[in-house]
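Here's the structure we're looking at; comments come further down.
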Amino acid sequence: MNKTALITGGARGIGRGIAECLAQEGWSLALCGSKPTSDENVQKSVAEIQSLATQPVRYYSCNISSTEARATLLDDVYRDFGQVSLLVNNAGVGARVRADLLDMSEENYDWLMKINLQGPFFLTQAVARRMIAQKNAGDEADFAVVNISSISSTVASVSRGEYCLSKAGVSMATRLWATRLAEFDIPVYEIRPGIIKTDMTTAVAEKYDRLIAEGLTLQRRWGVPQDIGRVVAMMARGDIRYSTGQVINVDGGMLIERL
């Protein structure tokens, strides 16, 4: 049976970069996102990823914050592919309104947390249960989980506190799941992207062009989605299977302390 990766938010941005790298390494891909399957941009993206692949690439529309939608997603993916060897929790949103901590609304907080933290946590729970069941049934396949968080899990931004809190939560979820799934030899990893050029960062491109030129990052360029994808591919191959719970910063050296 071919190995299948489920990548949330897999048709755009960082998720697409991950999908492209895994497609070129022979993975079957189940991509999900919030947009409908009929969306022209989704169809174009999936077709372009498929052109790189030797195995099937399919897209599923799913509101990751919905319990029912997650259950339907997994039913569909397991029906079509038979298993999920690799779960990549990548889908996420930025703050709808950038507001000072003193002005943050509970409505925006709840909306973001359900997508960025609650959804991925319980999707991991559901997939892990199926992985364990397959292990207990004698399946010798290698399984793994990768969480895409952010440097914002440790770097404070008071104008988008709910985003920072959600990513800090993802970081703790990585440790929790790594601890819980270790007995089943299912490694869990975390990647913390830095300044990555995607449609989510278009609105602040001018700001970060200037900051990068001034030395914000040691490597004076933007990161690109493929930078994340190559690290996921390494994890997917099993190159660091004895390193469960580990975090890799993909940030161009941004967080190295300097004088």
Side-chain angles (χ1 to χ4, degrees), residues 3-27 29-33 45-46 48-49 52-53 57 59 64 84-94 115-117 119-120 123-124 144-155 163-164 166-168 170-171 173-174 177-178 187-202 204-205 208 212 216-241 243-256:
K3 290 187 175 182
T4 299
L6 171 56
I7 307 170
T8 66
R12 57 186 285 196
I14 288 175
R16 175 167 173 170
I18 295 169
E20 289 177 350
C21 289
L22 293 181
Q24 293 175 72
E25 298 215 359
W27 284 75
L29 300 178
L31 314 178
C32 81
S45 178
V46 171
E48 290 173 349
I49 296 168
L52 302 173
V57 178
Y59 175 86
I64 204 71
V84 172
S85 305
L86 173 69
L87 170 62
V88 182
N89 287 308
N90 165 73
V93 294
I115 296 171
N116 286 11
L117 182 57
L123 182 62
T124 300
V145 177
V146 178
N147 289 328
I148 309 300
S149 63
S150 169
I151 57 170
S152 293
S153 65
T154 61
V155 177
Y163 181 81
C164 295
S166 73
K167 294 305 183 179
V170 170
S171 293
T174 300
W177 284 119
V188 182
Y189 309 109
E190 180 183 348
I191 298 173
R192 293 180 186 169
I195 311 302
I196 309 298
K197 188 174 284 295
T198 68
D199 54 358
M200 285 185 65
T201 54
T202 299
V204 292
Y208 283 106
I212 290 169
L216 176 66
T217 58
L218 292 180
Q219 294 173 273
R220 295 197 179 188
R221 68 167 177 87
W222 283 76
V224 295
Q226 290 74 18
D227 288 320
I228 313 301
R230 284 187 283 269
V231 178
V232 174
M234 172 189 68
M235 295 169 168
R237 286 193 302 268
D239 291 357
I240 56 170
R241 283 198 68 80
S243 300
T244 191
Q246 293 305 301
V247 178
I248 294 183
N249 291 318
V250 184
D251 64 357
M254 177 179 174
L255 297 189
I256 293 177

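Given the structure is predicted, the values throughout are model-derived calculations rather than measurements.
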To the nearest 0.5 Å, what is the distance between [atom1] on [X] and [atom2] on [Y]?
X      : Y      : atom1 : atom2 : value
Ile151 : Ile191 : CD1   : CD1   : 14.5 Å
Gln219 : Ile212 : CD    : CD1   : 11.0 Å
Ser149 : Asn116 : OG    : CG    : 11.0 Å
Ser45  : Arg16  : OG    : CZ    : 4.0 Å

Do Thr174 and Asn147 get their side chains close enough for a donor-acceptor pair, meaning under 3.5 Å?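 Their side chains do contain a donor-acceptor pair, which is all the 3.5 Å distance test asks for.
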Examine the side chains of Ser153 and Arg192 and answer whether a donor and an acceptor come within less than 3.5 Å of each other.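 Distance-only check passes for Ser153 and Arg192.
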Which pair of non-hydrogen atoms, one from [X] and one from [Y], has the smallest distance, and what is that distance?
X      : Y      : answer
Arg241 : Pro187 : NH2-CD, 3.2 Å
Gly17  : Pro225 : CA-CB, 3.7 Å
Cys32  : Tyr59  : C-CE1, 3.9 Å
Trp27  : Ser85  : CZ3-CB, 3.8 Å
Glu190 : Met235 : O-CE, 4.2 Å
Ala233 : Glu25  : CB-OE2, 3.8 Å

Less than 4.5 Å apart, side chain to side chain, heavy atoms only: is that true for [X] and [Y]?
X      : Y      : value
Tyr163 : Val93  : no
Asn89  : Val145 : yes
Leu6   : Leu31  : no
Leu123 : Ile64  : yes
Ile49  : Leu29  : yes
Ile196 : Pro193 : yes
Val146 : Leu86  : yes
Tyr189 : Ile240 : yes

Looking at Ile7, is its backbone amide N or carbonyl O close enough to the side chain of Asn90 to form a donor-acceptor pair, meaning the two atoms are under 3.5 Å apart?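 Answer holds: no.
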Are any side-chain N or O atoms of Thr8 and backbone N or O atoms of Ala91, one a donor and one an acceptor, separated by less than 3.5 Å?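 Side chain of Thr8 to backbone of Ala91: a pair is present.
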Taking it one step at a time, do Tyr208 and Thr201 satisfy side chain to side chain contact (heavy atoms under 4.5 Å, CB included)? CA-CA 9 Å; Tyr208 283 106; Thr201 54; over 6 Å; no
Cationic N near anionic O, under 4.0 Å, Asp227 to Arg221: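 Arg221 and Asp227: salt-bridged.
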Distance-only donor-acceptor pairs under 3.5 Å for side chains of residues 244-256, two or more places apart:
unit_1: Thr244; atom_1: OG1; unit_2: Val188; atom_2: N; d: 3.0
unit_1: Asp251; atom_1: OD1; unit_2: Gly253; atom_2: N; d: 3.0
unit_1: Asp251; atom_1: OD2; unit_2: Leu255; atom_2: N; d: 3.3

